[in-house]
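Here's the structure, in structure tokens; my notes come after.
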Amino acid sequence: MKYVLMFAETAQYAEDLAAMSDPERQAAYDEVGRWFADNAARITHHVHLRPPHTATTMRKVDGHAEVTDGPFVEGKEIVSGFVEAEVADLDEALAMARSWPGCPIIEIRPADA
Amino acid sequence: MSRPQDELARVVRDHAGRLAASLVHLLGDFSAAEDLVQDAIEAALRRWPDEGVPDRPDAWLFTVARNRGLDVLRRQVRYREKLTQLQWPAPEAPDDRLRLLFTCCHPALPRQAQVALTLRTICGLTTPQIAAAFLVPESTVAQRITRAKRKITEAGIPYRIPSDAELPERLNEVLTVVYLLYNEGYLSSTGDGAWSRRLAEDAEWLASSLAWTLPREPEVIGLLALIRLHQARASARFDADGRIVLLPDQDRARWDHPAIAEAGQLIARAAAFGRPGPYQLQAAIVACHAEAPRWEDTDWAQIVVLYDMLLALAPSPVTRLNRAIALRYLAGPEAAVRELDGLAEHLDRYPLFHATRAELLRAVGQPEEAREADRRALDLTANPAQRALLEGRISWT
């Protein structure tokens, strides 16, 4: 089955990352890199999103398109990227997510092929 | 000769899980298999009272489930071939039912759905029976089950026993649901007594099936011991008028002492693994009460130590409240009151906190404050049945 793992960053996670020394941060990035290497056989596609301040939102209201800045989700948890994976079932997707060393929230959704 | 519905209850308990498991195994479709079993049970409910209980009731249920499957799936050749190959009794596969239990209790399902699905699929209860046991509308139960089955299919929740790496967390879900079923049956003072008993018995049966299949999991053994201990004392919990009798006042001669001794052996067997957990510790606490010949002989020092261990593993304000009550008998009411002071912010809405506090304040000679706490406890519990129930919970009935 195909699943999308959506990664969300929290304000706390961003603070923790900012508070790290350069080598610590590099080590954290390396861990993420290892995770991608370990799961390469399952990952069919992945996208990292630029930070929320780069977002633009279009709302269609009564046939008009209204453009505003910012992500449409006003919150502290922002989706920062996603991975598309081909695995047997939800448990395998959960096992992948469990070993993810990056940001703390992951939503796992089945996706149509 | 037992009544048809009693016979059905027995057959369903012994075979529904296995029946559903064997159908899922062959169809690969959880939802369809589960519906077939339920349809067969409902047919038996209608027909056995008139036609009498068949000679081989389990085979009857199986045949009806299979035939209904053939009707429903007539156009689907693949299923039809599979269904005609099905044999009853199903080949012995003890893991099947357990696989089903793990599917029903998958953490991706909401807790209430886990409970409803387990009762329906493994224990064979019908939707109205589940609704009656939990005092919720039938439509709510039906909706929970429908949504859960849809999620199992659409989210790709697998039908299997989790791997060793996943087992501890998954097992936890399963044990929580089983103990929740047990408590619902054991503590329920409302609703139909027969269903309450049935829930408690089903939970005990599930715990013992788990312990049989997973003999190296100490928490499973711990949960079984805990349930056995509660069951062993159940007959002394109510007086002739159906009122709850608190632990100090119970007639200990009415407890099932051989069962208590067996539970003690289970606790020792679990402890030998050297992996203590909340169920083992709770069982050990209940065992301390159960093994005391008289209330006055209760080993409070041991109980307080066990609560300390339990708090280290699973901190909770209610557990701290229970520890404070035990501390009263070990170190006096002043020490217990001091413990409660630290809990006020967590348990202010919990009537038993105030009821306990009232009792302790009276013991240390503060009747005014005690009355105030009593009033607060009463404010929080209007319902007399619930009040009796809550009193029972706190006092280890």
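All chains are named by letter (A, B, ...) in the order of the sequence lines, taking the proteins before the strands, and each is independently numbered beginning at 1.
- For CZ of Arg147(B), the number of neighbouring non-hydrogen atoms (other residues, nucleotides, ligands) closer than 6.0 Å is 12 at most.
- Under a cut-off of 6.0 angstrom, the local environment of CZ in Arg109(A) is sparse, with at most 12 non-hydrogen atoms contributed by other residues, nucleotides or ligands.
- There is no contact between Ala165(B) and chain A, counting heavy-atom distances below 4.5 Å.
- With a 6.0 Å radius and a threshold of 12 heavy atoms from other residues, nucleotides or ligands, Glu166(B) has its CD atom above the threshold.
- Nearest heavy atoms, Pro110(A) versus Ala155(B): CG-CA, 3.7 Å.
- In the displayed structure, Arg150(B) atom CZ is contacted under 6.0 Å by at most 12 heavy atoms of other residues, nucleotides or ligands.
- Heavy-atom distances place the backbone of Glu154(B), and not its side chain, under 4.5 Å from chain A.
- For a residue to count as touching a neighbouring chain, one of its non-hydrogen atoms must lie under 4.5 Å from one of that chain's; by this rule Ile108(A) does not touch chain B.
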Problem set entry | Worked verdict on Arg160(B) versus Asp91(A) for side-chain contact (heavy atoms from CB on, under 4.5 Å) | CA-CA 10 Å; Arg160(B) 63 176 180 81; Asp91(A) 282 354; 3.0 Å; yes
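- Minimum interatomic distance between Asp89(A) and Gly156(B) (heavy atoms only, all atoms of both residues): CB-O, 3.2 Å.
- For Met309(B), the CE atom is loosely surrounded, since the number of other residues' heavy atoms within 6.0 Å does not exceed 12.
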Exercise. Could you walk me through whether Leu90(A) and Lys151(B) pass the side-chain contact (heavy atoms from CB on, under 4.5 Å) check?
Worked result: CA-CA 11 Å; Leu90(A) 182 62; Lys151(B) 179 145 187 193; 5.5 Å; no
